[in-house]
There are 2 protein chains.
Amino acid sequence: MCFQSYIVIMIRLTSAEENYLKAVYHLSQEGKTTVSTNDISSEMKTKPASVSDMLRKLAEKEVIDYRKYYGVNVTENGKKYALQIIRKHRLWEVFLVEKLRFAWDEVHEVAEELEHIKSPILIQRLDEYLGHPKFDPHGDPIPDEYGDVKARPRLPLNELAINDGGQIVAVKDSSAAFLRYLDKVGAYIGARIKVLDKVEFDGSLEILVDNKKTLFMSKDVAANILVLQQ
Amino acid sequence: MCFQSYIVIMIRLTSAEENYLKAVYHLSQEGKTTVSTNDISSEMKTKPASVSDMLRKLAEKEVIDYRKYYGVNVTENGKKYALQIIRKHRLWEVFLVEKLRFAWDEVHEVAEELEHIKSPILIQRLDEYLGHPKFDPHGDPIPDEYGDVKARPRLPLNELAINDGGQIVAVKDSSAAFLRYLDKVGAYIGARIKVLDKVEFDGSLEILVDNKKTLFMSKDVAANILVLQQ
DNA sequence: ATATTATTTTAGCTTTATCTAAATAATATT
DNA sequence: AATATTATTTAGATAAAGCTAAAATAATAT
Ligand SMILES: [Mn+2]
Ligand SMILES: [Mn+2]
Ligand SMILES: [Mn+2]
Ligand SMILES: [Mn+2]
């Protein structure tokens, strides 16, 4: 006899609530556990007043803990819910790139809409159809149906020392502008790189890509490229 | 030198407005050109008061002609817009059945959400990916990007005479209940059929399917099966 | 021609998600 | 410690999409 475990999330959020929860979750992953109203406001491009309103609703639905004036924390339920939205977002991104030949800089906005389609069977079948991918086109890990994430250790490229090498596994910034820049210079997920030189003065780097091409980049660019050191 | 023609629809409707427009368009295709508030109300499962409100908005955006108390007509712009939503709905249905192994009775609700995703490139690529299908899983024609529809002549099965034959090309009712019933008895799009007998009393029929199986069905069922007579 | 019924619209209310402006709490500076 | 600044919340508005109840209009039946 075999007991199967199910994730039952009885909470039902609107698309707007889902977007806010995702933002809070992402902000909470960047170091500090408690997220401020203003942080959320700039992330969501809405006014702080709107954020306060929304936080009340999210606290009501128990996906965040909210202490007025002191910021918010995502609850366990909230984390599970957020990870399911992230799962859907990233699976759709894979679909768009792998099946519909979208470029990696074209998928974010569309996935931002697709992630809100409510159909458990849809996402399960999509996952199957895509062959259970573990990473999205930007190298971000895709949580499984239970919310478990296989994280790869990764490091901003600017933190490598001269002669350190590795492989590009993700980008921190997924904006179209940045991704198109990477396309242009020939940096891509999976590329093998080695730091040839680092300029003391401004932190810019000289990088060898795939043992073929050398490439100069500013510290700011390098900080948004994540590598698996080898 | 070559001039390309574009369809430029500058109108932007909300999802709710799109759903109403589609309903008005579908009702206007069923015979009478002018559609009443009550018809729309029962189609949309909303109250007539809500319909009146919405009609004002749709008239404002010039997708319908609206004479208070006398019903509505879809404008040329409205037809083009409606056909684009229908195109998206049916392409997504094909995707769900062909690629994600959905049953034909499981696709409608999800497509009802997917059809509102706004991305011209998405739908163009999806169409390409699916091989420019001409019909959806229920046999309904898929309008092309200009709104042109390749209509097949089709006839309700109950209107065939004894010994008439043909091929099932579509269903009029796409409800899960009806489709599952057809699955059970083995009627499917593409099946070759022949009318073996018609009962005078209640209009029920005896049908030969694929020269193999005989099948009895009520007039009501037959009226919802559309055939291409041969 | 008028009265009755059915249909449709209007008026006014609710919820969600946004905003601006005003109030208040927390933090920083003298 | 008092005051100034910044962050956050509250109050009050608006727009979308629905509702109910009441009023208006059209269709029909007498
Ligand atoms: Mn989103
Ligand atoms: Mn991504
Ligand atoms: Mn819809
Ligand atoms: Mn269909």
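Small disclaimer: the values here were computed from a predicted structure and weren't measured. By convention in this document, chain letters (A, B, ...) are assigned in the order of the sequence lines, proteins followed by strands, and residues within each chain are numbered from 1.
Figure legend: B:K57 and B:Y66 shown without cation-pi pairing, the cationic atom not lying both under 6.0 angstrom from the six-membered ring centre and within 45 degrees of its axis. Geometric assessment of B:R152 against the ring of B:F135 yields a positive cation-pi assignment under the 6.0 Å and 45° thresholds.
Of all nucleotides listed (C:dA26, D:dT20, D:dT9), C:dA26 comes nearest to the side chain of A:Y70. The side chain of A:N38 approaches D:dT8 more closely than any other nucleotide in the set D:dG18, C:dT20, D:dT8. When the nucleotides C:dA17, C:dA11, D:dT9 are ranked by their closest atom to the side chain of A:E17, C:dA17 comes out on top. Side-chain proximity of A:T14 to the nucleotides C:dT16, D:dA11, C:dT10 is greatest for C:dT16.
Taking only side-chain nitrogens and oxygens, A:S36 never comes nearer than 4.0 Å to OP1 or OP2 of D:dA7. Remark: A:S50 is not in phosphate contact with C:dT18, judged by side-chain N or O atoms under 4.0 Å from OP1 or OP2. In this model, the phosphate group of D:dT10 is approached by a side-chain N or O of A:K68 to a distance below 4.0 Å at OP1 or OP2. Phosphate proximity of D:dA17 to B:K57: present, with a side-chain N or O under 4.0 Å from OP1 or OP2. Applying the 4.0 Å criterion to OP1 and OP2 of C:dA17, one finds that A:T46 has every side-chain N and O outside that range. Listed pair B:Y69 / C:dT10 fails the phosphate criterion, with no side-chain N or O lying under 4.0 Å from OP1 or OP2.
Backbone-only contact: B:T37 has heavy atoms under 4.0 Å from sugar-phosphate atoms and none from a base. If you check every strand for non-hydrogen atoms under 4.0 Å, A:A16 touches sugar and phosphate atoms only.
Here the P atom of nucleotide C:dA17 and the CG atom of A:N19 are 10 Å apart, to the nearest Å. Regarding A:D53, its CG atom lies at a distance of 16 Å from the P atom of D:dT14, rounded to whole Å. If you measure from atom CD1 of B:I40 to atom P of C:dT8, you get 9 Å, rounded to the nearest angstrom. A:K45 places its NZ atom 18 Å from the C1' atom of C:dA17, with the value rounded to the nearest Å. What separates CG of B:L58 from P of C:dT9 is a distance of 13 Å, to the nearest Å. The separation between A:E60 atom CD and C:dT15 atom P is 13 Å, rounded to whole Å. Atom pair B:M44:CE and D:dG18:P shows a separation of 6 Å (rounding to whole Å applied). Between the CD atom of A:E18 and the P atom of C:dT16 there is a distance of 15 Å, given to the nearest Å.
Comparing A:K61 and B:L55 against DNA chain C, the residue whose closest nucleotide sits nearer the 5' end is B:L55.
Taking CG of B:L58 as the start and CD of B:E18 as the end, the distance is 10.5 Å to the nearest 0.5 Å.
Counting only N and O atoms by type, the side chains of A:Y20 and A:T46 include a donor and acceptor under 3.5 Å apart. With no hydrogens or angles considered, a side-chain donor-acceptor pair links A:H116 and A:N19 at under 3.5 Å.
Shown here, C:dA6 forms a base pair with D:dT25; the pair counts as Watson-Crick or G-U wobble because both key distances fall under 3.5 Å.
Classification of the A:F95-B:F95 ring pair by plane angle, with boundaries at 30° and 60°, yields tilted.
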